[in-house]
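Below, read A as the first sequence line, B as the second, and so on, with proteins coming before strands; counting in each chain starts at 1. No hydrogens, no waters, no symmetry mates; every other heavy atom, side chains included, goes into these values. For clarity, every value in this text was computed on a predicted model and none was experimentally measured.
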Amino acid sequence: MSWSTIKRSPKRRSTKLSKQPAATANDNMIPHKLVEELPTDQLGRNLDTTIELLKNLLGKNADFFCRKFQMYGKFNAAIIYFSSIVDKNAINSGIMKPLMYVPVQTDLEKLTVTNVLDFILNEAMFHTEIKKEDSIENIINALLRGETFIFIDGVNSGIQFAVKNIEKRSISQPETEQVILGPREGFIESLQTNIALLRNRLKTADFRVEIMEIGRISKSTTAICYLEGIATDDLVKEVKDRLGKIDIDAILDVGYIEQFIEDNHMSPFPQIQSTERPDKTVGSILEGRVAILVDGSPFSIIAPVVFNQFYQTFEDYSSRFLMGSFVRIARMIALVFSLIFPSLYVSFISFNPELLPTEFAVAVAGGRAGVPFPAVVEVLIIEVAMEILREATVRLPKQVGGALSIVGVLVIGQAAVEAGIASPITVVVIAMTTIGSFATPAYDAAFALRMLRFPIVIMAGFFGLYGVVIGVIFIFNHMLSLKSFGVPYMSPVTPGNFQGLKDVIIRAPFWWMPKRPQMLHSQNSDRLGKTKGESKKGTSNTLDPVMVGNEKWEEDKSSGISTRDNSHSSNNDSN
Amino acid sequence: MEYPREITVIQATTILISTIIGVGLLALPLFAVRTADTGAPLVTLFGIAIASTGLGLITFLGIRHPRKSIILYGEDILGKWLSRVPNIVIILFFAILTGLTSREFGAVVITAILKQTPLEVTVIVMLILAALSTRNDMNVFAYIHNFYVPFILAPALIIVALSLKNANSLYLLPVVGNEPGSYLVGGLTIAALFQGSFIFTMIIPFMRHPRKAFKASIWGMVIAGGLYLLIVIATVAVFGPVEITNLLWPTLELARTTSIPGNILQRLDIVFLSVWVIAVFTTLFSSYMFTVHSISQMAGLRDHKMLSFFILPIVFVIAMIPQNILHLYDVIEIFGRLGLILTVGYPLLLVSVDLVKKKVKKSGSIKA
């Protein structure tokens with residue numbers, strides 16, 4: 001919470017000190033500005049003044065609720081809240097009820113305005129999350145967050161009840177990052193729920209969730225999650241610094257934050273990972289990264305990242321390592337495909353058809369016979385059509401989407417070829433490219449390569465294979481010079497780290513990777529215990545048919561033949 | 001300059017490898033065969049020995065002055081004004097080397113792949129790529145070299161492996177060559193191909209442990225030199241010395257004779273040449289970086305970024321000076337020899353002056 005005070009700009013501080021009396025609060029004033037111009041932040045003793053003040057500020061809202069009532073039959077009191085964002089049941093049964101009925105063994109005579117507050121706080125109230133608040137600004141902020149206040153005439157502080165209740169959807173499967181083997185939970189828009197999902201997986205005192213408020217108007221609650229003792233202190237500090245420098249009116253999604261704290265704004269490559277999977281977030285936190293969540297966004301962002309994270313999925317780790325490695329290699333091939341396949345096609349067709357096997361070259365030439373454009377134009381036309389089709393399918397309602405994709409397939413696949421706009425091979429190439437880019441699990445990384453495909457195709461149109469290689473070198477050089485919070489983007493490949501390399505192309509078994517990623521310089525780098533995962537030695541093949549058979553034998557006939565084996569297995573049993 | 005000293009031994013080694021292996025590899029067997037026909041591998045070995053001496057001297061100097069490059073310790077050893085001359089000559093030489101490398105590769109590209117593209121375009125594309133990359137700092141320089149080394153070594157090794165089936169070991173005999181005697185000339189020509197290793201002097205100050213520089217230079221020389229030797233042996237074994245003298249780029253021809261099983265691609269030379277763009281790029285990148293970095297050091301600038309594009313037109317003009325390929329190779333040969341004086345002779349001079357100075361200092365201090 002202390003962060004919200006840091007966030008406030010000095011200019012606003014100074015306006016607060018200006019001597020404008022609250023009485024001049026007319027209807028034309030903007031409420032929030034009014035708060036800053038109040039002569040004093042301290043709540044008064046008079047109930048009517050307080051209600052007047054709050055009504056002036058917030059009363060224009062339809063969902064603003066204020067009710068005066070007699071508390072214990074002797075105190076004038078008022079309850080104030082925004083009816084749209086509170087839990088009314090909790091208010092009725094947890095707050096109002098105990099305030100109306102005097103507790104049984106209470107001496108009502110002794111209650112005065114001086115001790116009633118303590119009485120309510122300590123004895124009378126059933127509600128747990130309750131506290132005293134006397135700063136007007138805090139009261140207003142809390143009201144807007146969905147807290148409820150009770151003010152008592154003659155007492156100069158209000159009682160704050162946390163009864164926030166905002167409609168939220170239930171936890172569902174992550175839409176963009178599906179897995180076959182692994183948890184089915186995804187983040188939702190409620191920060192509380194998201195943190196619950198994380199905390200449920202990290203039952204340790206080291207797990208830290210720090211809260212900041214970002215956005216001048218939206219005051220979005222932002223959570224910084226990390227593991228103390230694993231994430232370096234400097235990294236956490238750096239993240240907080242970068243977050244603290246954000247000055248914008250509203251943070252509507254965690255993507256806003258990503259754009260403010262990334263290192264290179266002009267790069268097509270994402271330098272921060274966003275995911276809607278709690279398991280993936282926890283995995284990253286366990287490696288020593290920091291996750292940032294914002295209330296209202298079903299994504300968490302993770303920093304720092306390296307490039308290879310973008311083609312890794314949680315499934316690589318939750319499935320057996322052979323499966324994980326195989327799938328990962330397939331994904332890498334798809335990644336390369338989505339970047340250079342069309343440009344390779346262009347350069348082979350336009351510059352070096354002699355490289356192709358003769359039969360294939362003849363087939364390609366036959367297919368292209370009716371196409372009037374050079375290969376590069378043809379590829380670009382189909383690529384653009386494909387991009388439009390893809391974007392349209394995302395935007396269209398589900399019922400229409402299916403129809404559109406069929407039309408798209410027909411138009412692009414069949415009609416374009418027959419109309420002589422494209423050759424069949426081009427369609428095959430573009431289709432494979434598109435499929436390849438769908439195989440990349442991270443949407444933003446796939447997008448980067450999708451964008452970069454166009455300049456490379458154009459380079460291929462100009463310079464053939466030479467151009468493709470130049471383009472690829474250029475991209476790699478850029479990637480090698482990128483950094484995410486100081487971590488080189490291409491590590492652990494370059495700068496090389498042998499331990500890290502085991503998790504780049506293949507996903508090595510867990511016991512081959514006993515350390516956390518070196519590039520994050522975790523304070524505690526041991527991931528695996530000393531025993532190592534290959535617990536081969538300790539196993540006793542309990543259900544080995546030989547042993548089981550022998551065991552029975554021994555029980556049946558006390559004078560067994562193979563005594564030594566029997567004694568061995570029975571020993572195992574007794575232990 | 002003091003701050004990011006994080007280049008590791010492996011990175012330094014890879015910088016050496018990828019800098020040395022460049023476009024020179026394409027014509028290397030021709031140079032070797034011209035002077036000693038079947039003794040080509042031996043001449044290559046001799047050339048490697050000469051180049052190693054130069055590299056050894058540089059490394060020795062670098063370790064003695066672990067915070068400075070040759071530009072700066074040259075000033076220390078010879079004095080600020082006297083060292084100006086060799087420093088300017090070194091910078092000029094590397095600018096010329098950059099130009100000639102890009103020109104040579106441009107010529108290869110327009111001969112083998114892009115037959116209708118103007119030479120100027122292929123050269124300028126390559127130079128722009130190098131110039132853009134020099135805008136990074138020295139660590140990124142190391143990362144780039146480190147990253148590309150596998151892509152440089154792999155195609156060369158694949159060619160050698162695939163060409164073995166056409167090899168005839170008789171072509172390699174007699175090992176000493178039919179008319180031994182011109183080893184020195186051939187050795188010098190081949191040593192000139194290793195001149196890129198001179199940029200090691202720029203790397204040592206950025207190494208995390210400059211003391212381990214010798215390890216890096218030995219490994220770099222062994223791997224790069226070993227690859228050169230392999231290529232020469234393979235080329236000579238496949239074509240024979242007589243045939244090679246008729247070929248302009250025997251290594252390219254070697255790639256042309258090979259094919260991969262499965263008939264996926266009919267010819268491999270163009271694919272290899274395309275991948276070789278990487279090798280040429282790294283070489284070019286190194287010499288360009290050395291030029292830019294040395295100018296900024298000499299001028300006492302903190303940053304070399306703005307210089308990268310400033311010298312681009314100069315390098316381009318240098319690249320365009322040779323009139324044709326034959327003239328180009330004459331120029332390359334001349335500058336290669338002259339360069340040896342610079343890259344081996346100048347460090348030798350520095351080492352001797354440095355050692356003499358040290359001795360004088362020591363004896364002086366004893367007397368005092």
Quiz item: Rounded to the nearest 0.5 Å, what separation is found between the CG atom of B/Leu132 and the CZ atom of A/Phe474?
Solution: 5.0 Å
Practice problem: Mind running side-chain contact (heavy atoms from CB on, under 4.5 Å) on A/Ile470 and B/Met126 for me, showing each step along the way? | Solution: CA-CA 8 Å; A/Ile470 296 272; B/Met126 215 54 200; 3.7 Å; yes
Quiz item: Checking side-chain contact (heavy atoms from CB on, under 4.5 Å) for the pair A/Ile473/B/Ile278: CA distance, chi angles, key distance, verdict?
Solution: CA-CA 7 Å; A/Ile473 292 180; B/Ile278 299 171; 3.8 Å; yes
Quiz item: Side chain, backbone, both or neither: which part of A/Thr358 has an atom under 4.5 Å from a heavy atom of chain B?
Solution: both
Practice problem: Enter the distance from B/Phe141:CZ to A/Leu480:CG here, rounded to the nearest 0.5 Å. | Solution: 12.5 Å
Exercise. Could you tell me whether B/Ile10 atom CD1 has more than 12 heavy atoms of other residues or ligands within 6.0 Å of it?
Key: no
Quiz item: Which bit of B/Val277 comes within less than 4.5 Å of chain A, counting heavy atoms only: side chain, backbone, both or neither?
Solution: both
Quiz item: Going by distance alone, is a donor N or O of one side chain under 3.5 Å from an acceptor N or O of the other, for B/Ser133 and A/Asn477?
Solution: yes
Exercise. Could you have a look at B/Val271, B/Val109, B/Asp269 and say which one has the most heavy-atom pairs with chain A under 4.5 angstrom?
Key: B/Val109
Self-check item: Spacing of A/Leu355 atom CG and B/Ser274 atom OG [to the nearest 0.5 Å]
Solution: 8.0 Å
Practice problem: Indicate the atoms forming the closest heavy-atom contact of A/Pro488 with B/Tyr143, along with that distance. | Solution: CG-OH, 3.4 Å
Quiz item: Where does B/Tyr148 contact chain A at under 4.5 Å (heavy atoms): side chain, backbone, both or neither?
Solution: side chain
Practice problem: Kindly say whether B/Ile110 contributes a backbone atom to a donor-acceptor pair with the side chain of A/Tyr466 at under 3.5 angstrom? | Solution: no
Quiz prompt | B/Lys212 atom NZ, neighbour heavy-atom count above 12 within 6.0 Å | solution = no
Quiz prompt | Heavy-atom pair count under 4.5 Å with chain B, highest-scoring of A/Gly464, A/Pro357, A/Ser347 | solution = A/Pro357
Exercise. Report, as yes or no, whether the 6.0 Å neighbourhood of atom CZ on A/Phe454 holds more than 12 heavy atoms from other residues, nucleotides or ligands.
Key: yes
Self-check item: Within 6.0 Å of NZ in A/Lys502, more than 12 heavy atoms from elsewhere
Solution: yes
Practice problem: Please step through side-chain contact (heavy atoms from CB on, under 4.5 Å) for the pair A/Phe351 and B/Ile113, ending with a clear verdict. | Solution: CA-CA 8 Å; A/Phe351 288 87; B/Ile113 324 180; 5.6 Å; no
Exercise. Let me know if B/Leu114 has heavy atoms under 4.5 Å from chain A in its side chain, its backbone, both or neither.
Key: side chain
Quiz item: Should we say atom CD1 of A/Ile329 is surrounded by more than 12 heavy atoms from elsewhere, each under 6.0 Å from it?
Solution: yes
Exercise. Check each atom of B/Thr14 against the heavy atoms of chain A and say whether the ones under 4.5 Å are side chain, backbone, both or neither.
Key: neither
Practice problem: Examine whether an atom of A/Met490 lies under 4.5 Å from a heavy atom of chain B, and if so say whether it belongs to the side chain, the backbone or both; otherwise answer neither. | Solution: side chain
Quiz item: Can you tell if the side chain of B/Ile270 reaches within under 4.5 Å of the side chain of A/Glu354, non-hydrogen atoms only?
Solution: yes
Practice problem: Any chance you could measure A/His478, atom NE2, to B/Asn136, atom CG, to the nearest 0.5 Å? | Solution: 10.0 Å
Practice problem: Check whether more than 12 heavy atoms from other residues, nucleotides or ligands sit under 6.0 Å from atom CZ of B/Phe309, and answer yes or no. | Solution: yes
Quiz item: With only heavy atoms counted, which part of A/Phe476 is less than 4.5 Å from chain B, the side chain, the backbone, both or neither?
Solution: both
Quiz item: Would you say A/Phe373 has more than 12 foreign heavy atoms packed within less than 6.0 Å of its CZ?
Solution: yes
Self-check item: Gap between atom OG of A/Ser481 and atom CG of B/Asp137 - 0.5 Å precision
Solution: 9.0 Å
